[in-house]
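What you see below is based on every heavy atom in this structure, not just the backbone, and it leaves out hydrogens, waters and symmetry mates. Just so you know, these numbers come straight off a predicted model, no measurement behind them. Atoms within a ligand are numbered from 1 in the order they appear, just like the ligands themselves.
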Amino acid sequence: MVCGICIRKSPATPAAKFGTRGSGLCKKCLTDVEISSPIQKRTAKLISKYEKQIEELTSQCNIKSDECSMAWSLVESTNQELDRLKMELHQKLVQTDNFEQVLDTQTDQLRKVSQNYENDKKLWAAAISNLESKIKAMKQEQALLSLEAHDCAHAIPDLSKMIEAVRALVAQCDDLKMKYHEEMAKRKKLHNIVQETKGNIRVFCRCRPLSKVETSSGYKCVVDFDGANDGDIGIINGGTAKKTFKFDRVYTPKDDQAEVYADASPLVTSVLDGYNVCIFAYGQTGTGKTFTMEGTERNRGVNYRTLEELFKIAEERKDTVTYNISVSVLEVYNEQIRDLLATSPSSKKLEIKQAGEGSHHVPGIVEAKVEDINEVWDVLQTGSNSRAVGSNNVNEHSSRSHCMLCIMVRAKNLINGDCTRSKLWLVDLAGSERLAKTDAQGDRLKEAQNINRSLSALGDVISALASRSSHIPYRFAL
Ligand SMILES: Nc1ncnc2c1ncn2[C@@H]1O[C@H](COP(=O)(O)OP(=O)(O)OP(=O)(O)O)[C@@H](O)[C@H]1O
């Protein structure tokens with residue numbers, strides 16, 4: 001800070017004025033006192049001296065006053081300059097503050113950037129070290145590969161020999177494959193020729209053992225199995241001569257389900273080869289048709305074993321043939337066909353239509369696609385349940401209805417593209433006993449007549465087929 005100093009001219013004080021006549025004004029009492037002449041002279045001298053001094057002082061004072069004035073204006077201009085500088089300083093301070101803020105922000109940013117940089121640096125350092133170790137490993141691998149390549153280069157002549165050998169093997173394999181397929185085709189043909197030679201129609205006879213009830217009631221077996229191995233059975237009927245019947249094969253009561261199935265088994269191969277096959281059980285009520293075809297859970301019959309074999313062979317052939325298998329189950333009762341797989345009863349009457357020579361189908365019947373034996377068994381259970389629902393007494397009903405299981409096989413040979421369609425019918429016919437013996441009336445009579453008609457028509461068809469007749473009377477059945 002610069003302070004201002006004000007210097008002014010002092011007002012004229014009443015100084016003692018001395019008269020010319022030797023008197024003067026006393027300063028203390030301001031009275032005019034008489035002054036003697038030497039004093040007067042000395043006083044005048046002093047006065048003159050003082051006056052000179054006063055003049056000098058006054059001029060000095062004026063000079064000082066001018067100097068002061070100049071100094072003052074200097075001070076003022078200095079103050080103004082100072083104010084300006086202050087302002088400037090203030091602005092600079094504000095600017096500095098702003099700069100500081102900007103600096104702080106930039107410092108923060110810089111710190112963050114620097115932190116990120118540090119982090120990135122660490123990451124990159126880790127990545128680089130990782131890459132370095134990978135490069136090292138790769139270099140080692142490359143060195144090993146170089147060695148191997150080096151070895152391989154030596155082995156190239158051997159390799160060429162091996163390639164030649166492999167080519168020869170592949171050619172041999174192709175040749176063997178071709179031969180295999182030729183042999184397979186021959187086998188298929190021969191297999192089916194064998195089946196035909198055995199007879200397109202084969203009749204097997206199975207005699208069940210006497211049941212406990214029959215034994216305890218005193219019944220005795222009247223069948224003579226002496227010629228069973230040659231397909232002969234004799235019926236001993238009281239005193240009359242033994243009647244002998246010839247079959248393709250006879251199963252005695254000792255023969256179990258597996259033995260019975262053994263003869264049906266080759267027919268499964270025929271079905272998968274594209275041939276139609278029908279296996280049916282015919283006989284009086286209670287003779288064991290259902291036991292032979294269906295069997296029990298512990299003692300499976302022809303149906304289950306056939307299907308099991310069918311899927312087994314299909315699986316074995318899966319590399320060369322794809323099979324598409326579906327199943328239909330129907331019941332024929334009183335000349336009416338009932339679809340046992342239909343979920344809702346249909347008002348439409350199902351009919352058998354001839355699709356080609358010896359080939360028939362039932363339009364509208366459910367064909368359930370099956371992938372394995374378990375699925376087939378589920379389908380069969382559905383059919384069986386449906387049969388039970390259709391009757392109050394399923395056993396009583398079943399012996400008077402024909403139950404037909406149809407397995408449709410569509411095959412595609414993956415090697416030559418050949419496609420075949422074939423059907424396997426497994427039929428449990430109605431009991432034939434009532435044909436001759438029943439004296440039933442009403443509904444039972446109608447049932448008996450229908451069974452009679454259908455079994456007789458079946459007999460006609462079979463004998464026409466057996467005699468290779470030009471006309472097969474399929475249309476009389478149903
Ligand atoms: N080979 C056999 N060994 C043991 N038991 C058998 C044999 N065959 C049939 N049975 C038994 O005899 C009884 C009658 O058999 P099944 O019901 O199969 O006769 P069916 O001919 O089908 O009769 P239906 O014509 O009434 O349907 C059943 O209890 C069955 O278990």
So which of R249, R206, R202 actually passes salt bridge (Lys or Arg N to Asp or Glu O under 4.0 Å) with D263?
R249
Judged by modelled atom types alone, do Y261 and R300 share a side-chain donor-acceptor pair under 3.5 Å?
no
Which atoms from ligand 1 have a heavy atom of T290 less than 4.0 Å away?
18 (O), 20 (P), 22 (O), 27 (O)
Does only the side chain of Q284 get under 4.0 Å from ligand 1, or the backbone, or both, or neither? Count heavy atoms.
backbone
Relative to each other, are the rings of H154 and H150 parallel, tilted or perpendicular (30° and 60° limits)?
perpendicular
Of the options K412, R410, K318, R317, which is the one that meets Y323 in a side chain to side chain donor-acceptor pair (under 3.5 Å)?
R317
With backbone taken as N, CA, C and O and side chain as the heavy atoms from C-beta onward, which portion of S211 lies under 4.0 Å from ligand 1: side chain, backbone, both, or neither?
neither
So is G288 polar-close to ligand 1, meaning N/O to N/O under 3.5 Å?
yes
Is it the case that ligand 1 has an N or O less than 3.5 angstrom from some N or O of D428?
no
Go through ligand 1 atom by atom and flag the ones less than 4.0 Å from a non-hydrogen atom of R206.
1 (N)
Under 4.0 Å from a heavy atom of P209: which atoms of ligand 1 are those, numbered in the order shown and with their elements?
1 (N), 2 (C), 3 (N), 4 (C)
Flag the pair F280 / W425 as yes when their ring centroid distance falls below 6.0 Å, and as no otherwise.
no
Among Q257, K289, R208, which residue places a heavy atom closest to atom 12 (O) of ligand 1?
R208
Heavy atoms of other groups near K134 NZ, more than 12 under 6.0 Å:
no
